[in-house]
Amino acid sequence: MHRSFKRSLAVFSAAAISAVQSLSFPAVQNVSAADSTQFPYVIEGEDLTDATLWTSIYADEMPGYSGEGFFYLSASPASFKVTIPEDGMYTVTIHGAQILNKEGRKQTLKVNGKEYTTTADYSREWRDYDFGVIRLSKGENTLELVPLYGYMAVDYITIAEAEFPDLSKADSTPCDPDATPEAKALMNYLHSVYGKNILSGQQQIYGGGNTVQTTIRYDLNSDKCTDQDGVEYTIDKDSYDKDDQGNKFPWHCTGPDGRVYTYSTQNRNYTYNNYEKDVELINELTGKYPAIQGFDFGSYCPCYAWDDGVAGRMIEWTNEKGGICTASWHVNVPATMADYTLGEPLDFSKTTYSERTDFKTANCMVEGTVEYEYFQLCMKNLAAELKKLQDAGVPVIFRPFHEAEGNPSKTDDPIDGSGAWFWWAKEGAVVYKQLWALLQDTLENEYGLHNLIWEQNLYAWSDSSAAWYSGDDRVDIVAFDKYNTQYNRHDGKTEGPNLDAESGIFFKLHSFVKGNKMVAMAENDSVPSLDNMKVEHADWLYFCPWYDTPETPFVSGTKYQDHDELKSLYNSDYCITLDELPEDLFKNSELPTASASASATGTAPTLYGDANCDKQVNIADAVLVMQVSTNPDKYAQGKSSVSITAVGEANADVDGKKGLTNQDALLIQKFKLGLIKAFPVES
């Protein structure tokens, strides 16, 4: 049995059994009701410890409050306590108002000394402000409103036990209706593990970097490249050039192992970039390789385009190593448009991907402008690399125009792009989404590229952050980039690895897309700890630390990673590594379809495996089949409101035998792992 199947099935089955047990039998708490706060718990603002009673904000009357009045958070903090039986997740909602800043104002809640921040939008009416899902510890917990920014009216606060969404409802169908079979298969696989496991990832350096010097030199007289051992390297005949002294040399040569070497004009020898350095570091630290490797197409910018071989590395990672590729696009523009002549190279120092450019982003959509023509070249260069991947059968989790919103807006308009740090977002969410649509439509319709799974970065500064989302028809995965070793921590520290699972952001992004899309951690400094993710139900699809540099050793440095925690996560059943990916990962592109003939139950199936008739095949179907087998008085046809239906039973009868058994549940699990391609499976 393939080891990836053994481990995945064990996790899958354990989850199913756990679900059956939790649904069939009530949990027993070992803490008496008298010791524990009863939830949902509501406390009036004026009843907080150290709170003062307000009925108006100076000259502003605030009618409609509950109780005797409200608390106005200005110069002094106020707090309250709750007691819980075990570590768990709870939602915090403040019914309040904020009338000081029309652009919104940050508010800070301390939970046992750890800070949680949200932006309270301007409102002269009482409304709910969601502080998200937070973790409370067993025993007594202190929650404190602190005036770091403040000036918020608090009518009352509600604490409730968190209700976790059914992540299996996320869409498994690519937003591109013409997606390649490989892209469909990858989406199916990602959906099959989402909410049950986390995929490991690692970004590799792009363009240049991790340079390794060699002894290879070029001999003009013999027109050969050889090293100190006499090994001869194949010269790229199209890369001949001359240095400042007029000496001829080839820029590139290739070794017997296929590695390409580049001439160093400074040292007059050949070097190569060790793009594998970061995944090798992961292997040295954990004994495993990541399942996903991150790449970037930034070197194909028209200003200075050079081939850093990324397509070849991606093809090798997928087709030879069996890994999954994700890619961003750090595409530069001229810093000053007056310095640039269309089609001619520009010194790298005169280009940027930051917001500090006079390049007008909106003009990318306006024919006849230099920005339009320039961006057309950008897409042409990108498409050429993506075409190589599509021809090789390589699907890509593609993440263009990442980290769009950047920081919160600096003005009254929350989506004007004033907090952005990239050129593609500096003119706001509306222009950004137009650019996203232009890229997507051009790649699909003009260049015929359909091997992409479209991933969009979102932040969660406030509810307004959702305005950057391009929509369900244009996005497959939403993602967050976690960099918080210095700021936005919840552990009270100011440096060192931050193992926070960021569950509040996970559930915020989930709510932005109404659960329709999978949620990933596309970049990060510190990898969250296994315990934090499991307790907090922060079921990120994958994580992916940024690459190592001497200045920011995201992988090797203990400033960013807790190596013991990283090793524990990589070697856990929860984390999927390269060796645990299915061997036929990119071949399971279709859901099983049912024939029109009646099954053994006498009712015609509509979709084999779909026991709960939600038009998807996932763990919930296996759970329902097991419930029918173990608790028929409740789940068999006609027994209760949660019973399986006749069509559901027909769909779930996948082993070709009459009646449902745990064998049917097992086969449904095998299908989701890609080990079965079609139903029914004859015994």
- Query: Taking 4.0 angstrom as the limit, do K559 and D525 come out as a salt bridge?
  - Reply: no
- Query: Hey, are S556 and D548 close enough side-chain-wise for a donor-acceptor pair under 3.5 Å?
  - Reply: yes
- Message: Checking S123 against Q98: is there a side-chain donor and acceptor pair closer than 3.5 Å?
- Response: no
- Task: Taking the six-membered ring for Trp and the single ring otherwise, decide whether the centroids of H402 and W329 are under 6.0 Å apart.
- Result: no
- Assess whether side-chain contact (heavy atoms from CB on, under 4.5 Å) is satisfied between L190 and M518, documenting all intermediate values. CA-CA 9 Å; L190 296 175; M518 294 177 280; 4.0 Å; yes
- Could you tell me whether W424 and W436 have their ring centroids closer than 6.0 angstrom? no
- Task: Compute whether any side-chain donor of one residue and acceptor of the other, for D412 and Y122, lie under 3.5 angstrom apart.
- Result: no
- When the ring planes of W461 and Y459 are compared, do they come out parallel, tilted or perpendicular, using 30° and 60° as the limits? parallel
- Does K360 use its side chain to pair, donor to acceptor, with the backbone of E427 at less than 3.5 Å? no
- Query: Okay, side chain of T326, backbone of I397: is any donor-acceptor separation there less than 3.5 Å?
  - Reply: yes
- Kindly indicate, with the supporting measurements, whether the criterion salt bridge (Lys or Arg N to Asp or Glu O under 4.0 Å) is fulfilled by K508 and D463. CA-CA 9 Å; K508 196 75 171 179; D463 291 344; 2.8 Å; yes
- Message: Could you check, using the six-membered ring where one of them is a Trp, whether F131 and Y116 have ring centers closer than 6.0 angstrom?
- Response: no
- Message: Does the structure place the NZ or CZ of R313 under 6.0 Å from the centre of the six-membered ring of Y275, at an angle of no more than 45° from the ring's axis?
- Response: yes
- Query: After noting the C-alpha distance and the side-chain angles of D347 and Y304, does the key distance pass the side-chain contact (heavy atoms from CB on, under 4.5 Å) rule?
  - Reply: CA-CA 7 Å; D347 186 270; Y304 51 77; over 6 Å; no
- Spacing of CG belonging to D130 relative to OG1 belonging to T91, to within rounding of 0.5 Å: 7.0 Å
- M314 vs C325, side-chain contact (heavy atoms from CB on, under 4.5 Å): CA-CA, chis, key distance, verdict: CA-CA 7 Å; M314 294 174 75; C325 291; 3.8 Å; yes
- Q202, E276, Q204, Q203 screened by side chain to side chain donor-acceptor pair (under 3.5 Å) with Q293, the one that passes: Q204
- What about F512 and Y469, are their ring centers closer than 6.0 Å? no
- Item | Heavy atoms from other residues, nucleotides or ligands near CZ of R356 exceed 12 (cutoff 6.0 Å) | no
- Item | Donor-acceptor contact below 3.5 Å, side chain T117 vs main chain T108 | no
- Can you check whether Y542 and W540 have ring centres sitting under 6.0 Å from each other? no
- For N498 and Y560, test the side chains for any donor-to-acceptor distance below 3.5 angstrom and give the result as yes or no. no
- Query: Has the side chain of D562 got a donor or acceptor atom that lies under 3.5 Å from a matching backbone atom of E565?
  - Reply: yes
- Message: With rounding to the nearest 0.5 angstrom, report the OG1 to CZ distance, T361 to F401.
- Response: 9.5 Å
- Query: Given side chains that start at C-beta, do those of D128 and I94 come closer than 4.5 Å, heavy atoms only?
  - Reply: no
- Task: Please answer whether the main-chain N or O of S526 pairs with a side-chain N or O of K482 as donor and acceptor at a distance below 3.5 Å.
- Result: yes
- Message: Using side-chain heavy atoms (C-beta onward) and a distance below 4.5 Å, is C301 in contact with T351?
- Response: no
- Can you name the nearest heavy-atom pair linking Q456 to V475, along with the distance? OE1-CG2, 3.4 Å
- Message: Please find the pair of heavy atoms, one from P77 and one from E144, that lie closest to each other, and give the distance.
- Response: CB-OE2, 3.5 Å
- Query: Would you say the side-chain atoms of R489 pair up with the backbone N or O of T494, donor to acceptor, closer than 3.5 Å?
  - Reply: no
- Donor-acceptor contact present, side-chain N532 to main-chain P528, <3.5 Å: no
- Donor-acceptor side-chain pairing of N516 and K514 below 3.5 angstrom: no
- Message: Would you say that V396 contacts L389 through its side chain, given a criterion of any heavy-atom pair below 4.5 Å between the two side chains?
- Response: yes
- Is it true that F164 and F507 have ring centroids separated by less than 6.0 Å? yes
- Evaluate the criterion side-chain contact (heavy atoms from CB on, under 4.5 Å) for residue pair D60 and R124; output intermediate values, then yes/no. CA-CA 9 Å; D60 290 289; R124 301 193 70 86; 2.5 Å; yes
- Examine the side chains of T549 and T552 and answer whether a donor and an acceptor come within less than 3.5 Å of each other. yes
- Which heavy atom in C175 sits nearest to a heavy atom in Q440, and how many Å separate them? SG-NE2, 3.7 Å
- For residues D176 and H450, is any side-chain donor paired with an opposing acceptor at under 3.5 Å? yes
- Aromatic plane relationship, H330 with W546 - under 30° parallel, 30 to 60° tilted, over 60° perpendicular: tilted
- Message: If I take atom OG from residue S462 and atom CZ from residue R105, how far apart are they, to the nearest 0.5 angstrom?
- Response: 15.0 Å
- Query: Going from CG on N457 to OG on S328, what distance comes out if it is rounded to the nearest 0.5 angstrom?
  - Reply: 9.0 Å
- Query: Can you check whether L452 reaches D476 side chain to side chain, under 4.5 Å on heavy atoms?
  - Reply: no
- Query: Side-chain donor-acceptor pair under 3.5 Å between S264 and T271, yes or no?
  - Reply: no
- Under 3.5 Å, is there a donor-acceptor pair between the N363 and T369 side chains? no
- Task: Tell me yes or no: between the side chains of E523 and Y483, is some donor less than 3.5 Å from an acceptor?
- Result: yes
- Message: What I'd like to find out is whether the side chain of Y206 reaches to under 4.5 Å of the side chain of F297, using heavy atoms alone.
- Response: no
- For Q390 and T180, indicate whether the former's side chain and the latter's backbone hold a donor-acceptor pair under 3.5 Å. no
- Would you please indicate if the ring centroids of F398 and W454 are separated by under 6.0 Å? yes
- Item | K102 with D413: basic N within carboxylate O range, under 4.0 Å | no
- Any side-chain heavy-atom pair from C303 and Y374 closer than 4.5 angstrom? yes
- Item | Exercise: identify the closest heavy-atom pair between L443 and M379 | CD2-O, 4.3 Å
- Of all the heavy-atom pairs spanning A153 and I57, show the shortest one and how long it is. CB-CD1, 4.0 Å
- Does a side-chain heavy-atom distance below 4.5 Å link L499 with V527? no
- Point-to-point distance, once rounded to the nearest 0.5 Å, from OG1 of T485 to CG of N524: 11.0 Å
- Query: Considering only heavy atoms from C-beta outward, does the side chain of K387 approach that of Y447 to under 4.5 Å?
  - Reply: no
- Message: Can you tell me how far apart CD1 (I505) and CG (D481) are? Round to the nearest 0.5 Å.
- Response: 10.5 Å
- Item | Working for salt bridge (Lys or Arg N to Asp or Glu O under 4.0 Å), residues R135 and E536 | CA-CA 7 Å; R135 181 173 176 174; E536 298 179 22; 3.5 Å; yes
- Query: Do W468 and Y432 have ring centres separated by under 6.0 Å?
  - Reply: yes
- What's the shortest heavy-atom distance between E371 and D358, and which atoms? OE2-O, 4.4 Å
